[in-house]
J.: 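Submitted below is the structure of interest, expressed as structure tokens.
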2 protein chains.
Amino acid sequence: MALSSSPRVIDPGIFQIRVVDSWLEAMPHDGKNLLLSDKDRQTLCDLASPVDIREANRSLYRQGDTATDVFLLVDGLVRTSRIVANGNRQIIAFHWPGDFFGLSEHNLYVSDADSVSPSFLCRFSLQALEKAFAEHPALQSLFLVKALNDLREAQHQIVNVSQSDLPSRLAFFLLECAEHPECYDAEQHIVTLPMSRLDLADYLGAAQESVSRALTVLEKRQLIRRLSTQRLWLDTVHLPPFCTLDRES
Amino acid sequence: MALSSSPRVIDPGIFQIRVVDSWLEAMPHDGKNLLLSDKDRQTLCDLASPVDIREANRSLYRQGDTATDVFLLVDGLVRTSRIVANGNRQIIAFHWPGDFFGLSEHNLYVSDADSVSPSFLCRFSLQALEKAFAEHPALQSLFLVKALNDLREAQHQIVNVSQSDLPSRLAFFLLECAEHPECYDAEQHIVTLPMSRLDLADYLGAAQESVSRALTVLEKRQLIRRLSTQRLWLDTVHLPPFCTLDRES
DNA sequence: CGCGCCATTGATGATTATCAAATTTCGTGG
DNA sequence: CCACGAAATTTGATAATCATCAATGGCGCG
């Protein structure tokens, strides 16, 4: 699935910015996305270049490349990751439709970015963006609100990675996936994971074997059922308390 | 150290915003702080209310409190932390002079904030801030640049917490402390830790006993020397490679 | 001087990484 | 459509890391 019918062109209607809260009253939201004005949409539209990625695991940029653009994911899934000196890879974030990525430091990208599934994105030139900020302060507000949302998400991941044992962390991630209609069938309570076990492991800071074992643990407790490698049924009643309360049989 | 001579009043000169990179060319920096114009300083000054905290471990706000302000730390050290359901505390970040904190979601603070040492801060009303953004776009740029810096730092911590073993994580944190002149004597290579072992443990996602043992490991390898509980000599040559390369005797 | 808190050290058990092997899945070609 | 081979996933066994429980040591503060 995933690539239902990727759009190929950019029109003002495709832009959605995923947030759970806005921080600025001038920037309204519906709890899932920012509510963009027609003018905002047009401004974004004028700045955006389309990027159509038809394969999984295709590189968008590498850590250390000169940063010229930021990307807005419209459809698909992208991961940003970093290689640490012992050779391990840490996935810093999965980017869902409505997410920006392309963070840089000293004009160099700070991470790798790769497609996880076929994806359609908008590319925004940093130069053009900064110029547009001057003329359209609302555009800058949009980026500020989104950056603060991303900061909250990153802090949340810090807590999750640091505190819980692996089955709990995994359970938490599965529930996160269930919040994305792209991969969750709310009727059947079935998530279709778009990423491999290795991606999952590198995101959760674990070995892929440990992820398999954690899935076994959740299944033995009947919190999930493995319908296939990628398709999982979730017990949406008992899974949430498990994330935080930790083990007790 | 730490509380050399806390200022008690706000004047335009006290503002510094800690960043390593600006992202916006219109917002210049010197690699450590943003270079604020006199007008920026005056705008901040007009909005700021002083907060003088003379004790350590004093609460500024609690998770779930109604969020009315953001804070800029001028002098001292503040931690933001979250209590997870099993009762553990995770310190999400230490805030150094030049850092903002006070992140909220749905108008509620998402974490606790407490002084680690006596601190002097500026409080900014969210309402007033948003109004000022409309009139002074440069002020909003300042917040955007700082938010992106914080996001990078949070992502860095994700990598650090997930990947390394505890001695490496600790070594990394000690080097981070050494970048803050408030607690580092660059001549003698001595850091004076402003926080307790428990704070350290809750930041690194470990038990406090494990932090002690990690210190012992670093000392046995002669990467540090414990001059006193809080004062540590650092081998600034051999410590950096240890952070990333991990164990090899 | 002594009390109490914080830090360190010791011993044990739980979690997870690592090495290794078996099994399943999936794409490709017959 | 089936068979085969490569890759991904799962399971098994062992070792390293770290949390936990417990006790000792050190330091500041009254």
Side-chain angles (χ1 to χ4, degrees), chain A residues 1-2 55-57 84 86-90 116-117 160-171 173-174 192-221 224-232 242 246-249, chain B residues 55-57 84 86-90 116-117 160-171 174 191-221 224-232 242 246-249:
Chain A
M1 58 295 329
E55 315 112 60
N57 291 93
V84 300
N86 59 15
N88 284 6
R89 179 185 66 156
Q90 173 70 38
V116 174
S117 33
N160 193 39
V161 171
S162 305
Q163 286 291 341
S164 321
D165 60 1
L166 189 50
S168 302
R169 271 181 279 164
L170 179 59
F173 177 72
L174 294 177
T192 304
L193 296 176
M195 72 288 290
S196 69
R197 294 289 187 270
L198 184 57
D199 278 349
L200 219 64
D202 287 351
Y203 179 71
L204 297 172
Q208 54 181 333
E209 296 94 328
S210 303
V211 173
S212 277
R213 279 185 245 275
L215 281 168
T216 306
V217 169
L218 295 182
E219 193 165 33
K220 284 219 173 105
R221 299 195 179 195
I224 67 166
R225 278 204 312 257
R226 283 186 267 208
L227 308 179
S228 74
T229 306
Q230 306 297 92
R231 281 166 37 95
L232 305 177
F242 178 81
D246 271 6
R247 79 224 64 107
E248 46 200 297
S249 41
Chain B
E55 316 111 61
N57 293 94
V84 299
N86 59 15
N88 283 6
R89 180 185 66 158
Q90 174 68 39
V116 175
S117 33
N160 194 37
V161 171
S162 307
Q163 285 291 337
S164 320
D165 60 0
L166 190 51
S168 302
R169 271 181 278 166
L170 178 59
L174 294 177
V191 285
T192 304
L193 296 177
M195 71 290 289
S196 69
R197 294 288 187 271
L198 184 57
D199 278 350
L200 250 167
D202 287 351
Y203 179 70
L204 297 173
Q208 54 182 332
E209 296 95 327
S210 302
V211 173
S212 277
R213 279 184 246 275
L215 281 169
T216 307
V217 168
L218 295 181
E219 193 165 33
K220 285 219 172 104
R221 299 193 179 194
I224 67 167
R225 276 202 313 257
R226 283 186 267 206
L227 309 178
S228 74
T229 304
Q230 305 298 94
R231 280 166 36 94
L232 305 176
F242 178 80
D246 272 5
R247 78 225 64 104
E248 47 202 296
S249 41

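Just so you know, these numbers use all the heavy atoms, side chains as well, and skip hydrogens, waters and symmetry mates. All chains are named by letter (A, B, ...) in the order of the sequence lines, taking the proteins before the strands, and each is independently numbered beginning at 1.
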J.: Measure the distance from CG on A:L198 to P on D:dT10 and round it to the nearest whole Å.
T.: 12 Å
J.: To the nearest angstrom, how far is B:L166 atom CG from C:dT16 atom C1'?
T.: 15 Å
J.: How would you label the contact of A:T216 with the nucleic acid (heavy atoms, under 4.0 Å): base, sugar-phosphate, or nothing?
T.: sugar-phosphate
J.: So, is B:S210 close to the D:dA19 phosphate, meaning a side-chain N or O under 4.0 Å from OP1 or OP2?
T.: yes
J.: Heavy atoms under 4.0 Å, any strand shown: does B:S228 hit a base, just sugar-phosphate, or nothing?
T.: nothing
J.: Rounded to the nearest Å, what distance is computed from the CD atom of residue A:E219 to the C1' atom of nucleotide D:dT11?
T.: 13 Å
J.: Between C:dC5 atom P and B:R197 atom CZ, what is the distance in whole Å?
T.: 19 Å
J.: Roughly how many Å is it from CD in B:E209 to C1' in D:dA23, rounded to a whole number?
T.: 12 Å
J.: On the nucleotide D:dC18, are OP1 or OP2 found under 4.0 Å from the side-chain N or O atoms that B:R169 carries?
T.: yes
J.: Is B:Q230 reaching over with its side chain to a backbone N or O of B:T192, donor-acceptor style, under 3.5 angstrom?
T.: no
J.: With heavy-atom distances below 4.5 Å as the criterion, would you say the side chains of A:L166 and A:V217 are in contact?
T.: no
J.: Taking for each residue the nucleotide of DNA chain C bearing the nearest heavy atom, is the 5' side occupied by B:Q230 or by A:R213?
T.: B:Q230
J.: Taking the side chain as every heavy atom from C-beta outward, state whether B:R169 and B:V211 have any pair of such atoms under 4.5 Å apart.
T.: no
J.: Could you check whether any side-chain heavy atom of B:S196 comes within less than 4.5 Å of a side-chain heavy atom of B:D199, counting everything from C-beta outward?
T.: yes
J.: Let me know the distance between CD of A:Q163 and P of C:dT15, rounded to the nearest Å.
T.: 16 Å
J.: How would you label the contact of A:T229 with the nucleic acid (heavy atoms, under 4.0 Å): base, sugar-phosphate, or nothing?
T.: sugar-phosphate
J.: Between P on D:dC27 and CG on B:L227, what's the gap in Å once rounded to a whole number?
T.: 13 Å
J.: Grab the CG-P distance between B:D165 and C:dA17 for me, whole Å please.
T.: 13 Å
J.: Heavy-atom distance under 4.5 Å between the side chains of A:L232 and A:E219, does that happen here?
T.: no
